[in-house]
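Report on the structure given below.
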There are 2 protein chains.
Amino acid sequence: MNYQIELRHLHYFLAVAESLHFRKAAERLFISQPGLSTQIKQLEQALHTQLFVRDKRKVVLTPAGEYLKAEVEYLLNHLELTKKQVQHIGNGELGELRIGFLGSAMQQVIPDLLLLLKKRFPKINTTLDELSNTAQLNAILKDKLDLGFVRLSRVPKGVALAPVFEDTFSLVLPKNHSVTVENFKGMQQFKEEEFILFSAAYSPLYYDTVMSICEDAGYVPRVSHKSVHAQTIFKLVENGLGIAIIPTQLQNGFDMAVKFIELRKIKQRAVLSVIWKLDNRNPVLKQGVDLLLRN
Amino acid sequence: MNYQIELRHLHYFLAVAESLHFRKAAERLFISQPGLSTQIKQLEQALHTQLFVRDKRKVVLTPAGEYLKAEVEYLLNHLELTKKQVQHIGNGELGELRIGFLGSAMQQVIPDLLLLLKKRFPKINTTLDELSNTAQLNAILKDKLDLGFVRLSRVPKGVALAPVFEDTFSLVLPKNHSVTVENFKGMQQFKEEEFILFSAAYSPLYYDTVMSICEDAGYVPRVSHKSVHAQTIFKLVENGLGIAIIPTQLQNGFDMAVKFIELRKIKQRAVLSVIWKLDNRNPVLKQGVDLLLRN
DNA sequence: ATAAATGATAACTATGAATTATCAAATTGA
DNA sequence: TCAATTTGATAATTCATAGTTATCATTTAT
């Protein structure tokens with residue numbers, strides 16, 4: 001009657017809570033549906049609390065289930081980290097740092113950081129994931145990631161943010177555009193152009209900053225296309241579909257038929273920041289952050 | 001060959017890590033010693049890491065085991081809280097606040113706080129534990145306690161501290177002592193007395209403060225006895241074994257044959273503070289702290 | 001030297017996780 | 001409207017493995 005909760009129950013619970021579908025969850029877990037049903041029922045009995053409402057056609061989480069889901073995600077991720085950490089200590093390695101980054105940070109900042117880290121702490125392992133701003137923030141909140149490289153101006157309470165790299169912006173123009181580095185006067189020259197930008201959902205800060213650059217030049221830009229990949233933006237510019245404004249660093253590493261004009265005189269800068277969770281228990285994180293911010 | 005870790009393993013591991021003795025741990029867990037041995041071996045295999053060194057007469061933790069112990073304590077306590085929390089939410093209650101306190105705070109502050117809390121959040125449950133300063137700090141670091149009422153001036157990083165109650169000190173004298181409330185001049189009158197104090201281990205801040213009170217009067221007190229219980233101290237004073245200095249509030253609730261002189265003119269105060277962990281995930285804590293500090 | 005204590009190993013037992021087969025209810029669609 | 005499909009729950013059965021008992025090898029204490 002009084003079951004003991006095991007990690008199995010938590011893993012199963014999470015699968016059902018995510019898919020809200022017993023059969024699909026069972027399939028994902030490589031067990032049969034009746035087995036999953038009984039295990040979930042056991043968990044509910046152990047907690048004396050209903051976690052799902054089964055409505056004979058759809059499954060939904062109760063408020064208690066909703067709460068448990070968030071906590072289980074946290075607990076399981078934390079346990080996963082602990083397992084790795086224990087192994088690292090057993091091997092005489094210091095630990096692992098899980099890093100997320102925006103594509104636009106791969107050009108320069110990330111390689112530099114990794115080299116620095118390897119030099120100072122040769123035994124620290126790293127994992128790298130290219131993720132959007134919001135994906136990184138979520139992963140950090142759930143202890144799936146230790147460190148994120150993002151372009152954000154605000155983060156929720158409990159998360160720290162520190163700028164690590166400042167870049168100018170550059171104009172991206174088709175090769176045959178009448179404006180050149182030599183005859184470039186200012187952004188007011190592009191009042192009538194169509195703009196191609198990174199989408200606001202991908203990076204709200206970037207979007208707002210570009211808007212403010214045009215605003216300072218006295219107009220609101222017409223945005224014809226939005227994309228999340230630099231390469232796509234370059235290709236669109238190359239084909240005369242508009243002009244773009246990008247962080248200067250981004251032009252490296254691509255071989256595109258466009259020309260760049262660095263906007264040194266405008267005040268806006270593309271700021272890359274690190275974010276991490278203040279209550280992160282990974283002992284390696286502190287050293288990584290210290291190292292990063294000492295530059 | 002590749003075992004799945006379960007909570008059972010973690011509970012068993014913790015029992016062995018605490019007793020450093022397989023047979024005793026097995027007894028405590030109500031299972032047989034061989035069963036425990038195999039489960040621990042499974043855990044070690046799952047982690048590919050040795051956790052204990054069995055030296056054919058004694059068992060010790062490896063560094064990796066040491067690390068795991070701390071993390072497992074944290075995880076299991078956190079899971080325990082989560083279970084309660086889920087049940088509370090399921091019952092439409094808000095949650096549970098686990099409070100620790102010094103005996104000397106029970107007189108006034110704790111009952112007041114509890115009444116306030118019950119009034120503002122009728123659905124919050126509380127558990128109360130009388131613990132020493134350091135026991136509270138440890139319990140808070142391990143997520144076994146949410147809120148502690150202590151007399152401390154510093155706390156480790158990651159723990160917050162906020163004063164909530166300030167009390168004057170009072171002299172405790174035997175009934176027949178020549179000094180009375182009427183002819184009391186100052187602490188310099190007690191230069192030659194023996195002092196009975198709370199032990200420094202129990203409350204370092206109290207000890208230092210009493211020392212500084214005598215220092216201000218121009219002498220170093222001779223300390224003849226130390227205790228952790230107010231009642232013991234009163235009893236010793238009553239029997240002429242010395243005099244004492246205590247937070248004034250403490251005299252309430254005891255019916256002792258001693259007299260008290262409140263030291264209103266000296267600058268030192270007995271400060272009671274709340275402490276809590278900044279990364280505590282109990283959603284109730286924030287409301288409790290807010291309520292407390294708003295007074 | 002003998003007795004007591006310790007953790008590991010081997011063989012066995014029995015608990016309960018997981019499977020298969022099936023049901024009842026709800027939905028879909030010809 | 002009625003068969004076909006989809007859903008989670010239930011019942012009976014199987015089987016993996018946690019836990020047991022019995023025993024050993026080694027160390028420590030008397």
Side-chain angles (χ1 to χ4, degrees), chain A residues 1-62 64-66 68-69 72 76 90, chain B residues 1-62 64-66 68-69 72 76 90:
Chain A
M1 204 62 11
N2 219 352
Y3 293 102
Q4 176 69 32
I5 295 179
E6 286 296 347
L7 287 178
R8 177 175 13 94
H9 294 108
L10 303 184
H11 281 118
Y12 290 1
F13 166 75
L14 205 55
V16 179
E18 276 167 4
S19 61
L20 294 176
H21 197 292
F22 279 75
R23 275 195 143 83
K24 283 179 194 160
E27 206 171 320
R28 214 178 87 189
L29 294 164
F30 302 107
I31 60 166
S32 67
Q33 171 266 314
L36 180 58
S37 284
T38 44
Q39 289 296 307
I40 296 292
K41 198 186 291 171
Q42 272 184 28
L43 181 62
E44 290 183 322
Q45 281 181 26
L47 293 169
H48 303 292
T49 307
Q50 205 179 339
L51 301 172
F52 296 101
V53 181
R54 290 85 151 169
D55 189 46
K56 211 59 184 172
R57 197 66 192 176
K58 64 179 183 294
V59 175
V60 283
L61 281 162
T62 62
E66 208 74 69
L68 184 63
K69 180 175 177 240
V72 167
L76 293 183
Chain B
M1 203 66 4
N2 218 351
Y3 293 101
Q4 176 69 33
I5 296 179
E6 285 296 345
L7 287 178
R8 176 177 11 96
H9 294 108
L10 303 183
H11 281 118
Y12 291 2
F13 165 76
L14 206 55
V16 179
E18 276 168 4
S19 61
L20 294 176
H21 198 294
F22 278 74
R23 275 195 142 82
K24 284 179 195 159
E27 206 170 321
R28 213 178 87 190
L29 294 165
F30 302 107
I31 61 168
S32 68
Q33 173 265 315
L36 179 58
S37 284
T38 45
Q39 289 296 309
I40 297 292
K41 198 186 291 171
Q42 271 184 26
L43 180 61
E44 291 184 320
Q45 281 181 27
L47 293 170
H48 303 291
T49 307
Q50 205 179 337
L51 300 172
F52 297 101
V53 180
R54 290 85 151 167
D55 189 47
K56 210 60 181 174
R57 197 65 192 176
K58 64 179 184 296
V59 175
V60 281
L61 280 163
T62 62
E66 209 73 70
L68 184 62
K69 180 176 177 238
V72 167
L76 293 184

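Within every chain, numbering begins at 1; the chains are lettered A, B, ... in the order of the sequence lines, protein sequences first and strands thereafter. Keep in mind it's a predicted model, so treat the numbers as computed, not measured.
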In whole Å, what is the span from the [atom1] atom of [X] to the [atom2] atom of [N]?
{"X": "A/H9", "N": "C/dG16", "atom1": "NE2", "atom2": "C1'", "answer": "10 Å"}
{"X": "B/L7", "N": "C/dA17", "atom1": "CG", "atom2": "P", "answer": "13 Å"}
{"X": "B/Q4", "N": "D/dT17", "atom1": "CD", "atom2": "P", "answer": "11 Å"}
{"X": "A/L36", "N": "D/dA9", "atom1": "CG", "atom2": "P", "answer": "9 Å"}
{"X": "B/I40", "N": "D/dA18", "atom1": "CD1", "atom2": "C1'", "answer": "14 Å"}
{"X": "B/Q39", "N": "C/dT9", "atom1": "CD", "atom2": "P", "answer": "15 Å"}
{"X": "A/F22", "N": "C/dA18", "atom1": "CZ", "atom2": "P", "answer": "15 Å"}
{"X": "B/R8", "N": "D/dT17", "atom1": "CZ", "atom2": "P", "answer": "11 Å"}

Side-chain heavy atoms of B/Y12 within contact of B/L29, under 4.5 Å
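B/Y12 reaches B/L29 side chain to side chain.
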Is there a side-chain contact between B/L68 and B/L47, using heavy atoms and a 4.5 Å cut-off?
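Heavy-atom side-chain distance check passes, below 4.5 Å.
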Basic-acidic side-chain contact under 4.0 Å: B/R28, B/E18:
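Yes.
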At under 4.0 Å between heavy atoms, what does [X] touch on the DNA or RNA strands: base, sugar-phosphate, or nothing?
{"X": "B/K58", "value": "nothing"}
{"X": "A/S32", "value": "base"}
{"X": "A/Y12", "value": "sugar-phosphate"}
{"X": "B/Q42", "value": "sugar-phosphate"}

Distance (rounded to the nearest 0.5 Å) between A/K41 NZ and A/E44 CD
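Nearest 0.5 Å value for the NZ-CD distance: 9.0 Å.
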Confirm from the modelled atom types if B/Q33 and C/dA8 form a donor-acceptor pair under 3.5 Å, side chain to base only.
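Counting by modelled atom types and ignoring angles, a donor-acceptor contact under 3.5 Å is found here.
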Checking B/E27 now: which residues fulfil salt bridge (charged side-chain N to carboxylate O under 4.0 Å, His left out) with it, not counting sequence neighbours?
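Per chain and number, B/E27 pairs via salt bridge (charged side-chain N to carboxylate O under 4.0 Å, His left out) with no residue.
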Please tell me which of the listed nucleotides, [options], lies nearest to the side chain of [X]?
{"X": "B/P34", "options": "D/dT21, D/dT7, D/dA11", "answer": "D/dT21"}
{"X": "B/R54", "options": "C/dA8, D/dA9, D/dG8", "answer": "C/dA8"}
{"X": "B/I31", "options": "C/dG7, D/dT20, D/dA18", "answer": "D/dT20"}

With a cut-off of less than 4.0 Å, is there a side-chain N or O of A/K41 near OP1 or OP2 of D/dT10?
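Looking at the OP1 and OP2 atoms of D/dT10, one of them is under 4.0 Å from a side-chain N or O of A/K41.
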Would you indicate, yes or no, if D/dG8 has its OP1 or OP2 atom less than 4.0 angstrom from a side-chain nitrogen or oxygen of A/H21?
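True: A/H21 side-chain N/O within range (under 4.0 Å) of D/dG8 OP1/OP2.
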Which sits closer to the 5' end of DNA chain D, B/F30 or B/R23, going by the nucleotide each is nearest to?
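Final value for this comparison: B/F30.
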